[in-house]
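Here's the structure, in structure tokens; my notes come after.
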Amino acid sequence: MDMQTSFLDRLFESGLLIDTGIDGLYGRSGQFEDVIAAFERLIDTFGGADGAEAMRFPPGMNRAFFEKSGYMKSFPQLAGTVHSFCGSELDHVSLLQCMEVGEDWTKGQEATDIVLTPAACYPLYPTIAKRGNLPKTGGLFDLQSYCFRHEPSKDPARQQLFRMREYVCMGTELHVTDFRQRWMDRGVEMMKAVGLEVTIDVANDPFFGRAGKMLANNQRDQNLKFELLIPITSAANPTACMSFNYHQDAFGTKWGLNLEDGSVAHTACVGFGLERIALALFHHHGLDVKQWPASVRKALWG
Ligand code: ATP
Ligand code: ZN
Ligand code: MG
């Protein structure tokens, strides 16, 4: 049995994660949720004085915005769409017949106007663009959403529905790159406070296909993405528990996000993988929270 399977099995046995029969789709115990809630309060204490505007979107987003985002160009393999039955009574009869005999009944499902949110910040850009020019001070937003990615795995740190807490900054290049650096420093400090050793490294997104290789190389060469890594299921391949993304003016141009003087806004976002951070804590300090080091408990629960 490999290490990944055994950590997942231990999480199931302890009840922290609840098996649904699908890899990467888990229930969470009250204890698991309590760790996430405590860590989110820690995020609040680090970010709270910045005056970010909090917004919460549901885990589904407007399909038209999703289409415009270009997600299907870069990550078609990860996307999830919401389909529904939209037929007549007659169609319903054949649907039920189809299910009865175990044939594929999903073919008749039609796309709705909703797709599953792939990253917490996706619904934000069109929302802010609708407001008109950003104020002189730029924009700073605090988001949290369940996100969907079709990447089933036995690695408990790679889930299909997981929560991402994000801060998103809009402004000049200097403004948003300062923001990103500040959160890299804070990320290291926060993880130290909860007893986790981290490294930060340059990274790239898993752009689809052969053309995607070039996009990924370009992203790395330009230092557009960094990750804060913590070993969870493998010491050789530590897991990205935070990411720090600088989009240059790509989202500003795409969505028409402009600064007060009419110039295109640069944007950056910082994401916390909440389940991954909880899993890193359980992996390093044990599955019994009562046994965690006092300093870690104090940082999380005061
Ligand atoms: P990875 O390289 O591990 O696939 P990523 O680069 O795709 O991660 P991002 O797209 O930057 O991750 O997402 C922001 C954060 O969300 C990540 O830093 C990570 O903590 C978390 N995250 C991403 N994918 C998953 C997943 N499948 N399950 C749980 N958390 C995830
Ligand atoms: Zn983002
Ligand atoms: Mg990924």
Side-chain angles (χ1 to χ4, degrees), residues 4 8 11 17 22-26 28 32 36 39 43 52 55 57 59 61 69 71 74-80 116-128 139-170 176 179-180 183-184 187 190-191 196 198-208 212 215-216 219-220 224-234 237-247 250-251 254-255 266-281:
Q4 288 180 2
L8 182 58
L11 290 161
L17 292 186
I22 304 291
D23 290 341
L25 183 73
Y26 308 120
R28 298 87 159 81
F32 193 91
I36 287 191
F39 194 84
I43 298 173
M55 278 185 221
F57 291 95
M61 67 177 285
S69 77
Y71 196 82
S74 298
F75 314 110
Q77 76 280 20
L78 298 176
L116 298 176
T117 305
C121 64
Y122 271 63
L124 179 73
Y125 306 105
T127 304
I128 300 309
L140 183 63
F141 305 93
D142 164 351
L143 307 169
Q144 198 253 52
S145 177
Y146 259 102
C147 297
F148 175 85
R149 293 184 185 178
H150 185 235
E151 45 186 2
S153 169
K154 295 277 184 208
D155 178 354
R158 187 166 300 286
Q159 306 191 359
Q160 299 200 62
L161 275 160
F162 58 94
R163 274 158 294 178
M164 210 186 278
R165 175 80 180 268
E166 277 201 55
Y167 285 101
V168 182
C169 185
M170 304 176 181
V176 308
F179 154 87
R180 184 172 73 150
W183 274 110
M184 283 201 245
M190 291 173 74
M191 298 308 176
L196 296 173
V198 311
T199 53
I200 288 195
D201 204 356
V202 68
N204 64 268
D205 288 311
F207 294 101
F208 187 75
L215 294 172
Q219 190 182 29
R220 268 179 185 271
L224 298 183
K225 184 181 184 84
F226 288 94
E227 287 175 341
L228 179 150
L229 304 157
I230 309 177
I232 301 181
T233 36
S234 149
N237 293 303
T239 301
C241 292
M242 287 185 74
S243 57
F244 311 88
N245 306 290
Y246 173 38
H247 316 123
F251 288 1
K254 176 176 297 291
W255 295 107
H266 285 234
T267 62
C269 69
V270 168
F272 294 85
L274 296 176
E275 283 77 12
R276 286 186 178 181
I277 292 167
L279 290 170
L281 287 164

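Both ligands and their constituent atoms are indexed starting at 1 by order of listing. Nothing here was measured: the structure is a model prediction, and the numbers come from that model.
- Checked by distance only, ligand 1 and Ala240 come closer than 3.5 Å through their nitrogen or oxygen atoms.
- Here atom 1 (P) of ligand 1 lies nearest to Arg158 when heavy atoms of Glu275, Lys225, Arg158, Met242 are compared.
- Looking at Cys241 against ligand 1, only its backbone comes within 4.0 Å, counting heavy atoms.
- Under 4.0 angstrom from ligand 1, the non-hydrogen atoms of Met164 all belong to its side chain.
- Taking the Zn ion (ligand 2) as reference, the nearest N/O/S atom within Glu166 carries the name OE1.
- Remark: ligand 1 and Arg276 share an N or O pair separated by less than 3.5 Å (distance only, no angle test).
- Minimum interatomic distance between Gln219 and Asp205 (heavy atoms only, all atoms of both residues): OE1-N, 2.7 Å.
- Closest to atom 14 (C) of ligand 1, if we only count protein heavy atoms, is Ser243 OG, 3.3 Å.
- Between Tyr146 and Phe162, the ring centre distance reaches or exceeds 6.0 Å.
- With contacts defined as side-chain heavy-atom distances shorter than 4.5 Å, the pair Leu228/Met190 does not qualify.
- Residues Trp183 and Phe272 bring their aromatic ring centres within 6.0 Å.
- Arg180 contributes a side-chain N or O that, together with a main-chain N or O of Leu224, makes up a donor-acceptor pair within less than 3.5 Å.
- Nearest protein heavy-atom contact of atom 22 (N) of ligand 1 is Phe162 CE1, 3.4 Å.
- Nearest to atom 28 (N) of ligand 1 by heavy atom, out of Gln160, Gln159, His150, Glu166, is Gln159.
- When hydrogens are left out, the protein atom nearest atom 2 (O) of ligand 1 is Glu227 OE2, 3.6 Å; that is the closest non-hydrogen contact.
- Leu140 has its side chain within reach of Cys169: a pair of non-hydrogen atoms, C-beta onward, lies under 4.5 Å apart.
- Side-chain atoms of Glu227 do not come within 3.5 Å of backbone N or O of Ala203 as any donor-acceptor pair.
- Atoms of ligand 1 found under 4.0 Å from any heavy atom of Gly273 (numbered from 1 in listed order, with element): 20 (O), 21 (C).
- Side-chain N or O atoms of Arg149 include none that pairs as donor or acceptor with a backbone N or O of Leu78 at under 3.5 Å.
- With a 4.0 Å cut-off on non-hydrogen atoms, Cys147 does not touch ligand 1 at all.
- Annotation: Arg149 places an N or O atom under 3.5 Å from an N or O atom of ligand 1; distance criterion only.
- Phe75 and Tyr71 have tilted rings, their planes meeting at an angle from 30° to 60° on a 0 to 90° scale.
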